[in-house]
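Everything numeric in this text was worked out from a predicted model, so none of it was measured.
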Amino acid sequence: MAQPVQSLPSVGTVVARMRAVDAALPGHDGLAVFNRVYLTVTEEFDRGLDAGLFPDRRAAATLDVRFAERYLAVAEEGRAPACWRPLLRFRRHPGVRPLQFALAGINAHIGHDLALAVVDSCRALGCEPADLEDEFDRVGDLLVSLEERVREELMPGPDLLQIADPLTHLVGSWSLERAREATWAAARTLWALRGLPGLAEEFGDRLDAAVGLAGRMLLTPLPA
């Protein structure tokens with residue numbers, strides 16, 4: 001694998017920026033809910049790098065940082081593509097529950113940002129998406145375990161009332177595993193279209209809009 005021409009911020013720098021976002025936002029803010037979730041998984045990723053869990057440490061760090069930078073552009077600068085706009089619009093809505101905020105953020109970041117981050121990383125590293133598949137899968141495995149933890153912590157146990165709760169049905173309609181599979185296909189498509197910028201932009205815009213639509217549905221206000 002070719003070495004990147006430009007240097008990248010470290011994962012530790014990304015963690016520090018997420019901690020600053022956390023400190024700046026009120027705890028009930030919907031973006032703050034997602035930020036806490038994302039900070040947790042990024043800290044875990046950083047520990048995994050130090051422990052040698054990623055055979056190609058540089059490729060894994062590049063993908064993680066490129067990925068995080070797309071979220072941080074939203075959190076720090078307010079530059080929000082369509083997939084993030086529902087969360088920013090409903091972030092203070094009293095009828096939206098914390099689990100919905102967390103999953104809507106995961107949906108936007110995995111469904112849209114990760115595909116573009118794979119392309120960004122391939123350009124930085126001078127490689128093909130196939131060269132990053134192992135790193136993509138390992139990052140995805142961390143995110144799947146995180147989603148399970150989020151559901152356990154932010155959603156009460158499955159008693160009869162919760163089975164009837166609209167939240168149970170709403171969040172059951174979305175799967176991170178399916179989103180991850182779709183993202184890998186989207187990343188490969190965007191890479192294949194890199195020599196056709198008009199088509200690549202159109203595909204990216206449609207991906208952005210589709211992920212935003214799913215996020216808007218996840219943020220449907222529910223009765224208390």
How close do Pro86 and Gly215 get, heavy atom to heavy atom, and via which atoms?
CB-C, 4.2 Å

What pairs meet the salt bridge (charged side-chain N to carboxylate O under 4.0 Å, His left out) rule with one or both residues in residues 204-216, with sequence neighbours excluded?
Glu202-Arg206

To the nearest 0.5 Å, how far apart are CD in Glu177 and CD1 in Ile110?
10.5 Å

Does Arg79 have any side-chain hydrogen bond (donor to acceptor under 3.5 Å, both in side chains) partners at least two apart in sequence or in another chain, and if so, which?
Glu77

Arg97 vs Val33 side-chain heavy atoms within contact, under 4.5 Å:
no

Minimum side-chain heavy-atom gap Thr189-Leu207 below 4.5 Å:
no

Leu132 side, atom CG; Arg66 side, atom CZ - distance, nearest 0.5 Å
11.5 Å

Sub-4.5 Å side-chain heavy-atom contact between Leu222 and Gln100
yes

Find out if a path of hydrophobic residues (ILVMFWY) with successive side-chain heavy-atom gaps under 4.5 Å connects Leu72 to Leu114.
yes

Looking only at heavy atoms, what is the nearest atom pair of Ala124 and Thr62, with distance?
CB-CG2, 4.4 Å

Tell me whether Phe203 is reachable from Trp184 by hopping between hydrophobic residues (I, L, V, M, F, W, Y) whose side-chain heavy atoms are closer than 4.5 Å.
no

Any side-chain heavy atom of Leu213 within less than 4.5 Å of one from Met217?
yes

Check the hydrophobic clustering (I, L, V, M, F, W, Y; side-chain heavy atoms under 4.5 Å; chains of links allowed) and say if Leu116 and Leu63 are grouped together.
no

Restricting to salt bridge (charged side-chain N to carboxylate O under 4.0 Å, His left out), what partner residues turn up for Arg47, sequence neighbours left out?
none

Do Val119 and Cys122 touch side chain to side chain, with heavy atoms closer than 4.5 Å?
no

Looking only at non-hydrogen atoms, find the nearest pair between Thr183 and Gly111 and report the distance.
OG1-CA, 3.6 Å

Would you mind reporting whether Ile106 and Leu143 have side-chain heavy atoms less than 4.5 Å apart?
no

Could you check if a side-chain atom of Val74 sits within less than 4.5 angstrom of a side-chain atom of Leu88, using non-hydrogen atoms only?
yes

The complete set of ring pair (Phe, Tyr, Trp, His ring centres under 6.0 Å) pairs with one or both residues in residues 79-103, sequence neighbours excluded, reads Phe34-Trp84, Tyr71-Trp84, Phe90-His93

Under the salt bridge (charged side-chain N to carboxylate O under 4.0 Å, His left out) rule, what pairs show up with a residue in residues 21-30, not counting sequence neighbours?
Asp29-Arg91, Asp29-Arg92

Keeping to residues at least two apart or across chains, list the salt bridge (charged side-chain N to carboxylate O under 4.0 Å, His left out) pairs with something in residues 99-119.
none

Among Asp64, Asp50, Asp134, the one residue meeting salt bridge (charged side-chain N to carboxylate O under 4.0 Å, His left out) with Arg57
Asp50

If you measure from CZ on Arg36 to CG on Leu31, what distance do you get to the nearest 0.5 Å?
10.0 Å

Is it the case that more than 12 heavy atoms not belonging to Glu44 sit under 6.0 Å from its CD atom?
yes

Enter the distance from Thr40:OG1 to Asn35:CG here, rounded to the nearest 0.5 Å.
9.5 Å

Same cluster (ILVMFWY, side-chain, under 4.5 Å), Leu53 and Val15:
yes

Taking the cut-offs as 6.0 angstrom to the six-membered ring centre and 45 degrees off its axis, would you call Arg188 and Trp191 a cation-pi pair?
no

Kindly indicate whether the side chain of Arg138, heavy atoms from C-beta on, has any atom under 4.5 Å from the side chain of Pro55.
yes

Reported CD-to-CD distance for the pair Glu69 and Glu76, which is rounded to 0.5 angstrom:
9.5 Å

Residues Gly105 and Leu87: closest non-hydrogen pair is CA-CD2, 3.9 Å

Can you check side-chain contact (heavy atoms from CB on, under 4.5 Å) on Arg180 and Asp141, steps first, answer last?
CA-CA 10 Å; Arg180 186 174 74 165; Asp141 290 343; 3.2 Å; yes

Atom CG in Leu99, atom CG in Leu103: separation rounded to 0.5 Å?
4.5 Å

Residue pair Ala200 / Leu193: nearest heavy atoms and the distance that separates them:
CB-O, 3.7 Å

ILVMFWY cluster, Val118 and Phe54 together (side-chain gap under 4.5 Å):
yes

What closest approach, in Å, do Val14 and Ala68 show between heavy atoms, and which atom pair accounts for it?
CG1-CB, 3.4 Å

Determine, step by step, whether Arg89 and Leu219 satisfy the side-chain contact (heavy atoms from CB on, under 4.5 Å) criterion, reporting the C-alpha distance in whole Å, the side-chain angles of both residues, the deciding distance to 0.1 Å, and the verdict.
CA-CA 10 Å; Arg89 178 183 175 191; Leu219 292 166; over 6 Å; no

